[in-house]
Every structure is written in C-alpha cells, then in structure tokens.
Asks: 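Submitted below is the structure of interest, expressed as structure tokens.
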Amino acid sequence: RSVAPPAGWTNIGDAQSDLLANGTYMLSQACQNCTSSSPILTTDFALFNATGLNWLALPGQGKNDPNDEEGWNLEPNGQLLTVDAWLTPTTELFTPSSLSWSSAGNTRKSPVNTPEVEIGAQVVLPGGNTFVVGAGTSSDVAPAACTTHKPAPTALYDYATGKWVKSPVIPTIGGMQQDATDGPASILPDGNVLFDVGPCVYNAPLAFFLYNAASNTISRVADIPNAANDSPYYTRMLALPNGQILFNDGSDQMLVYTAGGTPNPAWAPSINSISTTTLKPGKTASLSGTQLAGLSQGAAYGDDVQDNTNFPLVQITNSATGVVTYARTTNWSSVSIAPGAASSTDFTVPSTTPAGASTLVVIANGIASAPVSVTIT
C-alpha cells in the first residue's frame, strides 16, 4: 500500500532508520534538495503511525549535527545511539519518551573518515556494548597511497558505564590501511562481529576481520573467491536463522559465513506460554516469552542499508521427517533487546506445514529457544 511521505519531505536518501523498542518506525531526513548543487543537510526525523498510516514529522529536537551518513543503534534501555559523522568525536543518544537528543560522550579516537564524512557499521553486542568499525583517515583513491596512513581506529561504547572505551585498530595488510568507508558488519551467535574492509576509500581488494568481544581484539579470517574485485561499500550481510551470515557483493553469487563459536545459553529467547499446542495450517496462534527479539539487532550497515533482525522468528520442525517451515510473525509487542525483556507475538502456520508431531522454537539472530512440543493437525 502506498504511503505519503512526511509533510514537507521531498526526498529520502542516505537515510538511516530504526524500530524503537515499542515497534514505532523512526526515519531520518538527511537533506533537503539532495539532488541539487546546494543540498541543505538536516537533523529532521519522522515517526510512523502504523495504525493511521501517517507520519509525525519532527525537527532535530536538539541533535548536534546532520543525519547524513550516520547509523542508529537500539540500546537495551530503548534509546538510540549514533556516532556523529559531521561533528567528530561526539556521539549522541535519542530518548523516545522525551523525543530529544543528548550527548553520549566522545569516542577515544574517531571512527569517522572526516575527509569523506563516512563511517563503518555499528553493531550492538549482547549486553548493550556497541562496536563501531572505523572508516579510516584517508581521502586517497589510489590503494598505493594507503601505505602513508596509520591503521584505522575502531570505537567501543561501554553500555554499563555510558562511556567510550579503548578498542583495537584494524590491522594493516601489506602495509596498507584497511577501513570500511561504508560497509557491512554482523553479530555472530557467539557474540563476535564479522566485518569487511578495503584499502583506504572505496577500493579493492576486500578482506574480512573478526572482532572478538571477550578479548577486545581483531583478527583476520578467510577471504571470498571474488575478494580481488570487491570493495566494502557494495557488499551486504544478513544474520540468518541458522546462525550463518548471508553475504552478497552485488553479483549473482550468494555466500554464507559460519562462525566457529557457540552462543551463551543466556542469550537465547525463551517461550513462556503458547495459546495452543494443537496448530492448524493457515491459522494464527500466539505465544509470549522473554528475549524474543534477541539481544542484538543483528547485521548493520548504516545510512544506506538497514537489515536488522531483532524480531521473533517461529520455526516448526516435523519430528518424523525433519521438514522445517517458518511461521510468519505479526503484532510483536516489542522489539526490545534488553536482557529478560518480556514480549509476545502472533504467528500464522503456513498451509504447507506437514501434519504430525513437531517442535516449535523462537529464533532471534540465529539463536533458538528451547523447543516446545506441538501437533500440526
């Protein structure tokens, strides 16, 4: 269904967005007259009313700098965190209850590429810490010039203290700075972060690194077959229900990355109740529990791509045949990533679901709940 844009908005581009914990969609306006030779950068944003299919357009509400090129992350307390791209090294928090922005302090070293006004992906870790991939310091376009630049910094927000703490630099390769001037990253089920980089700005070849949250270190992982021709800004990642990461570089080849670790059992969703354990294909049931949206938003990119997966997925597995089907979920009461957050969801059993004894789980960001026994009639 077509929905009119927020009042006064003529275009949407470089526009980060997010779902607030209560399910309200929040969208930024990066600029006015964006396609002209004199665009006007803005701090404006709008909230979507899903019932009336209309918008509440709001001015910046005290935001420090323009929205353009930034990313937003949902924090466990319901606030949104952003690293200011136009006013380094400041960062900000949006508080939904007051519709206002406030300071989140300064990063120790800015992950923003100031000459290009670009930043890498921001990924929320279980518990609320946020890891930000650095976009480097270079404005060069020739990879050979990368040898004159220091390793790109990252940033780490400590959720418990509300402060930015020490984090590692991205290792160089062949003496060249590696950075993600626009680029994806994704949480893994084991709590680490996969991200890709290239030499300086928008260059090939692509390389992959893993941020280890426990040791606060970065290490290199295997490349992909087409790495020599790829640059981070046209690659994408998505956290899959089975815990793998789906990867694409704009070609017709889809790849998956499998993490080596295992999730902390405390990060799993939990089903507390289900409206009925006798399920009929084509019919809708409901369930409630805790952490149904997980403890992270999944994969991230920033202003150009939002591919969050902090919502409940219902998976049904036939006990006799092992056939797996996914039930579409609707009416989520919350997408909060707070530990122990209570929520509920409806789910509709697909008409193709095979009959018989089955198990049902809720999956969030590749981590499954304990199974519940159900019967498909």
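These numbers come from a predicted model, not from an experiment.
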Asks: Is the shortest side-chain heavy-atom distance between Leu206 and Tyr234 below 4.5 Å?
Replies: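 Contact flag for Leu206/Tyr234 side chains = no.
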
Asks: Output yes when a side-chain donor or acceptor of Thr130 lies under 3.5 Å from a complementary backbone atom of Tyr157, and no otherwise.
Replies: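 Checked: no pair found.
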
Asks: Looking at every non-hydrogen atom in both residues, tell me the closest pair between Ala204 and Ala228 and how far apart they are.
Replies: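 Heavy atoms of Ala204 and Ala228 come nearest at CB-O, 3.3 Å.
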
Asks: How close do Leu53 and Val3 get, heavy atom to heavy atom, and via which atoms?
Replies: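 That would be O-CG1, 3.8 Å.
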
Asks: To the nearest 0.5 Å, what is the distance between CG (Asn331) and OG (Ser344)?
Replies: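 These two atoms lie 8.5 Å from each other.
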
Asks: Backbone N or O of Pro312 within a donor-acceptor pair of the Thr329 side chain at under 3.5 Å?
Replies: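 Flag set: sc Thr329 to bb Pro312 pair under 3.5 Å.
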
Asks: Has the side chain of Asp190 got a donor or acceptor atom that lies under 3.5 Å from a matching backbone atom of Ala259?
Replies: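 Not at all, since once roles are kept as given, no pair shorter than 3.5 Å links the two residues.
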
Asks: Which atom names give the shortest non-hydrogen contact between Ile316 and Ser358, and what distance separates them?
Replies: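 Smallest heavy-atom distance, with atoms named: CG2-CB, 3.9 Å.
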
Asks: Scan residues 294-310 for pairs that pass salt bridge (charged side-chain N to carboxylate O under 4.0 Å, His left out), counting only residues two or more places apart or in two chains.
Replies: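 Non-adjacent pairs meeting salt bridge (charged side-chain N to carboxylate O under 4.0 Å, His left out): zero.
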
Asks: Would a single hydrophobic cluster contain both Val374 and Val349, if residues Ile, Leu, Val, Met, Phe, Trp and Tyr are joined by side-chain heavy-atom contacts under 4.5 Å?
Replies: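 Linked within one cluster.
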
Asks: Test Gln79 against Thr95 for side chain to side chain donor-acceptor pair (under 3.5 Å), laying out the working first.
Replies: CA-CA 5 Å; Gln79 293 180 306; Thr95 303; 2.8 Å; yes

Asks: Go through the steps to decide whether Asp249 and Asn226 satisfy the test side chain to side chain donor-acceptor pair (under 3.5 Å), and finish with yes or no.
Replies: CA-CA 9 Å; Asp249 61 358; Asn226 199 38; 3.2 Å; yes

Asks: Less than 4.5 Å apart, any side-chain heavy atom of Trp164 and any of Asn106?
Replies: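 With C-beta onward as the side chain, the pair stays apart.
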
Asks: Would you please test Asp68 and Val117 for side chain to side chain contact (heavy atoms under 4.5 Å, CB included) and show each step?
Replies: CA-CA 9 Å; Asp68 189 40; Val117 195; 5.7 Å; no

Asks: Under 3.5 Å, is there a donor-acceptor pair between the side chain of Gln178 and the main chain of Ala207?
Replies: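 Such a contact is absent between Gln178 side chain and Ala207 backbone.
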
Asks: Thr235 and side chain to side chain donor-acceptor pair (under 3.5 Å): which partner among Asp196, Asp182, Asp230?
Replies: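 It is Asp196, the one option of Asp196, Asp182, Asp230 that forms the side chain to side chain donor-acceptor pair (under 3.5 Å) with Thr235.
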
Asks: Between Ser334 and Ser343, is there a donor-acceptor pair closer than 3.5 Å when you use the side chain of the first and the backbone of the second?
Replies: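 The answer is no, because no donor-acceptor pair under 3.5 Å joins these two groups.
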
Asks: Determine, using the 4.5 Å side-chain heavy-atom cutoff (strictly less than), whether Ile170 and Ile173 are members of one ILVMFWY cluster.
Replies: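 Yes: a chain of side-chain contacts under 4.5 Å links Ile170 to Ile173.
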
Asks: Atom CZ in Arg236, atom CG in Asn248: separation rounded to 0.5 Å?
Replies: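 Spacing of CZ (Arg236) from CG (Asn248) equals 8.5 Å.
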
Asks: Kindly indicate whether the side chain of Pro59, heavy atoms from C-beta on, has any atom under 4.5 Å from the side chain of Gln61.
Replies: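 Side chain of Pro59 against side chain of Gln61, heavy atoms only: contact under 4.5 Å found.
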
Asks: Mind running side chain to side chain donor-acceptor pair (under 3.5 Å) on Ser167 and Thr154 for me, showing each step along the way?
Replies: CA-CA 6 Å; Ser167 60; Thr154 65; 3.0 Å; yes

Asks: For a quick check under 3.5 Å, do Thr348 and Thr284 share a side-chain donor-acceptor pair by atom type?
Replies: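 Yes, because at least one side-chain N or O of Thr348 sits under 3.5 Å from a partner of the opposite role on Thr284.
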
Asks: For Ala4 versus Trp55, what's the shortest heavy-atom pair and its separation?
Replies: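 It is O-NE1, 2.9 Å.
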
Asks: Ignoring hydrogens, what is the shortest heavy-atom contact between Leu295 and Ile337? Give both atom names and the distance.
Replies: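 Closest approach of Leu295 to Ile337: CD2-O, 3.5 Å.
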
Asks: Using a 4.5 Å cut-off on heavy atoms from C-beta on, say whether the side chain of Ser102 contacts that of Leu93.
Replies: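 Of all side-chain heavy-atom pairs linking Ser102 with Leu93, at least one is under 4.5 Å.
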
Asks: Checking the side chain of Gln177 only, and the main-chain atoms of Cys200 only, is there a donor and an acceptor separated by less than 3.5 Å?
Replies: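 Pair absent, no side-chain N/O of Gln177 close to backbone of Cys200.
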
Asks: Describe, in one word, how the ring planes of Trp72 and Trp101 are oriented to each other, choosing from parallel (under 30°), tilted (30 to 60°) and perpendicular (over 60°).
Replies: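 Because their plane-to-plane angle lies in the 30° to 60° range, the rings of Trp72 and Trp101 count as tilted.
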
Asks: Taking atom OH of Tyr159 and atom CG of Leu125, what is their separation to the nearest 0.5 Å?
Replies: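 If I round to the nearest 0.5 Å, the distance is 13.0 Å.
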
Asks: Within a strict 4.5 Å, meaning less than it, do heavy atoms of the Leu56 and Asn49 side chains meet?
Replies: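 Result no, sub-4.5 Å side-chain heavy-atom pair not found.
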
Asks: Just so I know, are the side chains of Leu27 and Trp9 near enough to count as touching, which here means a heavy-atom distance under 4.5 Å?
Replies: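 A side-chain contact exists here, since the closest heavy-atom pair is under 4.5 Å.
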
Asks: Check for a donor-acceptor pair, side chain of Asn318 on one end and backbone N or O of Ala355 on the other, with a separation under 3.5 Å.
Replies: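 At least one qualifying donor-acceptor pair exists.
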
Asks: Less than 6.0 Å separating the ring centroids of Phe94 and Phe45?
Replies: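 Ring centres of Phe45 and Phe94 closer than 6.0 Å.
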
Asks: Could you walk me through whether Gln306 and Asp18 pass side chain to side chain contact (heavy atoms under 4.5 Å, CB included), step by step?
Replies: CA-CA 8 Å; Gln306 292 89 45; Asp18 213 330; over 6 Å; no

Asks: Please name the pair of heavy atoms, one in Ala239 and one in Gly298, separated by the smallest distance, quoted to 0.1 Å.
Replies: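 Residues Ala239 and Gly298, closest heavy atoms: CB-CA, 4.4 Å.
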
Asks: Before giving the answer on side chain to side chain contact (heavy atoms under 4.5 Å, CB included), spell out for Asp84 and Glu92 the whole-Å C-alpha distance, their side-chain angles and the decisive distance to 0.1 Å.
Replies: CA-CA 7 Å; Asp84 291 337; Glu92 298 180 79; 2.7 Å; yes

Asks: Do Val314 and Ile363 belong together in a cluster built from hydrophobic side chains that touch within less than 4.5 Å?
Replies: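 No.
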
Asks: Quick check: do Pro168 and Asn216 have side-chain heavy atoms less than 4.5 Å from each other?
Replies: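 Side-chain contact under 4.5 Å: yes.
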
Asks: Between SG of Cys31 and CG of Leu41, what distance do you get to the nearest 0.5 Å?
Replies: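 It comes to 6.0 Å.
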
Asks: Please check this pair: side chain of Thr82 against backbone of Gly71, looking for a donor-acceptor N/O pair closer than 3.5 Å.
Replies: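 Yes.
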
Asks: Does Ile271 belong to the same Ile/Leu/Val/Met/Phe/Trp/Tyr cluster as Phe347, with side-chain heavy atoms less than 4.5 Å apart forming each link?
Replies: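 Both belong to a single hydrophobic cluster.
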
Asks: With side chain to side chain contact (heavy atoms under 4.5 Å, CB included) as the criterion, how do Gln16 and Gln122 come out once you've worked through the C-alpha distance, each side chain's angles and the decisive distance to 0.1 Å?
Replies: CA-CA 12 Å; Gln16 64 271 36; Gln122 302 175 186; over 6 Å; no

Asks: Output the distance between atom CG (Leu238) and atom CD1 (Ile245), rounded to the nearest 0.5 Å.
Replies: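 The CG atom of Leu238 sits 7.5 Å away from the CD1 atom of Ile245.
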
Asks: Any idea how Tyr233 and Tyr202 line up, ring-wise: parallel (<30°), tilted (30 to 60°), or perpendicular (>60°)?
Replies: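 Answer is perpendicular, since the angle exceeds 60°.
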
Asks: Any chance you could measure Met237, atom CE, to Ile187, atom CD1, to the nearest 0.5 Å?
Replies: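 Between atom CE of Met237 and atom CD1 of Ile187 there are 12.0 Å.
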
Asks: Just checking, is any N or O donor in the side chain of Ser296 or Asn365 under 3.5 Å from an acceptor N or O on the other one?
Replies: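 Distance-only check fails for Ser296 and Asn365.
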
Asks: Taking atom types as modelled, find out whether Asn242 and Gln244 have a side-chain donor-acceptor pair closer than 3.5 angstrom.
Replies: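 The answer is yes; a qualifying pair exists.
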
Asks: So for atom CD, which belongs to Gln253, do other residues, nucleotides or ligands contribute more than 12 heavy atoms lying within a distance under 6.0 Å?
Replies: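 Atom CD in Gln253 is not crowded, with 12 or fewer foreign heavy atoms closer than 6.0 Å.
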
Asks: Within a strict 4.5 Å, meaning less than it, do heavy atoms of the Ser288 and Ser275 side chains meet?
Replies: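 Answer no - side chains too far apart.
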
Asks: Quick one: does Asn67's side chain have a donor or acceptor within less than 3.5 Å of a partner on Asp44's backbone?
Replies: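 It does hold such a pair.
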
Asks: I'd like to know if the side chain of Ser336 and the backbone of Ala21 have a donor-acceptor N/O pair within less than 3.5 Å.
Replies: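 Checked: no pair found.
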
